[in-house]
Amino acid sequence: MKKYLMLFLLTMFCAASASAADKLLADRHMERLRKCEACHKTMPPKQVPSKDCLSCHGSYEKLAARTDKNDINPHDSHLEDPDCGQCHRGHKKPVLACDECHEFKNIRVP
């Protein structure tokens, strides 16, 4: 019985971990009690401009400092201040714009 309970708990933990990693950026913002209007300033909603992202998340320099622990720092690259929406797509699966030319396998984009 203990073996089945442990297996069940392990399965639930893995499912919860996978679902958290697969959440879209908009869902992650909603979990932090951010309303749609906090990012979408126009109606009907349009893509959020980078200046609005940076008003909460700080400058590119601050973002680069926060992601400096990575081997490859996507916020400190030769692309210089790219549009946040190139990688971070609120209602779609994110992409790594760097992968258009490179092939980085260990960078997770929220």
Side-chain angles (χ1 to χ4, degrees):
M1 183 67 166
K2 285 184 181 181
K3 185 167 116 176
Y4 293 111
L5 179 60
M6 290 301 290
L7 182 60
F8 173 76
L9 292 174
L10 180 61
T11 303
M12 294 304 291
F13 175 76
C14 290
S17 297
S19 64
D22 293 336
K23 288 184 183 175
L24 297 177
L25 187 62
D27 298 327
R28 294 167 55 134
H29 279 86
M30 293 294 289
E31 287 174 351
R32 291 172 176 85
L33 304 177
R34 306 297 293 162
K35 293 184 179 181
C36 301
E37 296 83 16
C39 298
H40 295 287
K41 308 290 185 195
T42 61
M43 288 297 155
K46 296 189 181 345
Q47 181 175 338
V48 178
S50 289
K51 68 177 182 61
D52 291 346
C53 301
L54 297 174
S55 70
C56 288
H57 294 282
S59 66
Y60 276 105
E61 292 79 20
K62 287 183 181 180
L63 288 170
R66 285 185 16 206
T67 55
D68 193 35
K69 63 186 174 289
N70 300 333
D71 289 338
I72 305 298
N73 190 341
H75 295 110
D76 183 20
S77 75
H78 60 87
L79 294 177
E80 301 179 12
D81 308 340
D83 184 77
C84 299
Q86 285 183 266
C87 297
H88 306 282
R89 299 174 174 183
H91 299 279
K92 296 179 185 174
K93 185 177 176 183
V95 298
L96 182 61
C98 302
D99 281 347
E100 289 179 20
C101 299
H102 305 279
E103 190 176 334
F104 298 118
K105 296 181 182 186
N106 295 329
I107 297 179
R108 188 183 70 76
V109 180

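For the numbers below, each heavy atom of this structure counts, side chains included, while hydrogens, waters and symmetry mates do not.
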As an exercise, state the distance from CD of Q47 to CZ of R89, rounded to the nearest 0.5 Å. 8.5 Å
Using a 3.5 Å distance criterion without hydrogens, assess whether the side chain of R66 forms a donor-acceptor pair with backbone atoms of K62. no
Roughly how far apart are D99 CG and E103 CD, rounded to 0.5 Å? 7.0 Å
Would you say H88's side chain and P110's backbone share a donor-acceptor pair under 3.5 angstrom? yes
Closest heavy-atom contact between D52 and K41? OD2-CG, 3.5 Å
Stepwise side-chain contact (heavy atoms from CB on, under 4.5 Å) test for C53 and V48: CA-CA 7 Å; C53 301; V48 178; 4.0 Å; yes
Supply the atom-to-atom distance D81 CG to E61 CD, rounded to the nearest 0.5 angstrom. 6.5 Å
Which hydrophobic side chains are connected to F104, either touching it within the sub-4.5 Å cutoff or through other members that do? I72, L96, I107, V109
Gap separating the CE atom of M30 from the CG atom of D27, nearest 0.5 angstrom: 8.0 Å
E31 atom CD, neighbour heavy-atom count above 12 within 6.0 Å: yes
Spacing of NZ belonging to K69 relative to CG belonging to N73, to within rounding of 0.5 Å: 9.0 Å
For K93, the salt bridge (charged side-chain N to carboxylate O under 4.0 Å, His left out) test, sequence neighbours excluded, returns none
Give a yes or no on whether the backbone of P45 and the side-chain of T42 come within a donor-acceptor separation of less than 3.5 Å. no
Quick one, D76 and T67 - any side-chain contact, counting heavy atoms below 4.5 Å? no
Between NE2 of H75 and OG of S59, what distance do you get to the nearest 0.5 Å? 11.0 Å
Determine the interplanar angle of the H40 and H91 rings, folded into 0 to 90°, and report it as parallel if under 30°, tilted if 30 to 60°, perpendicular if over 60°. parallel
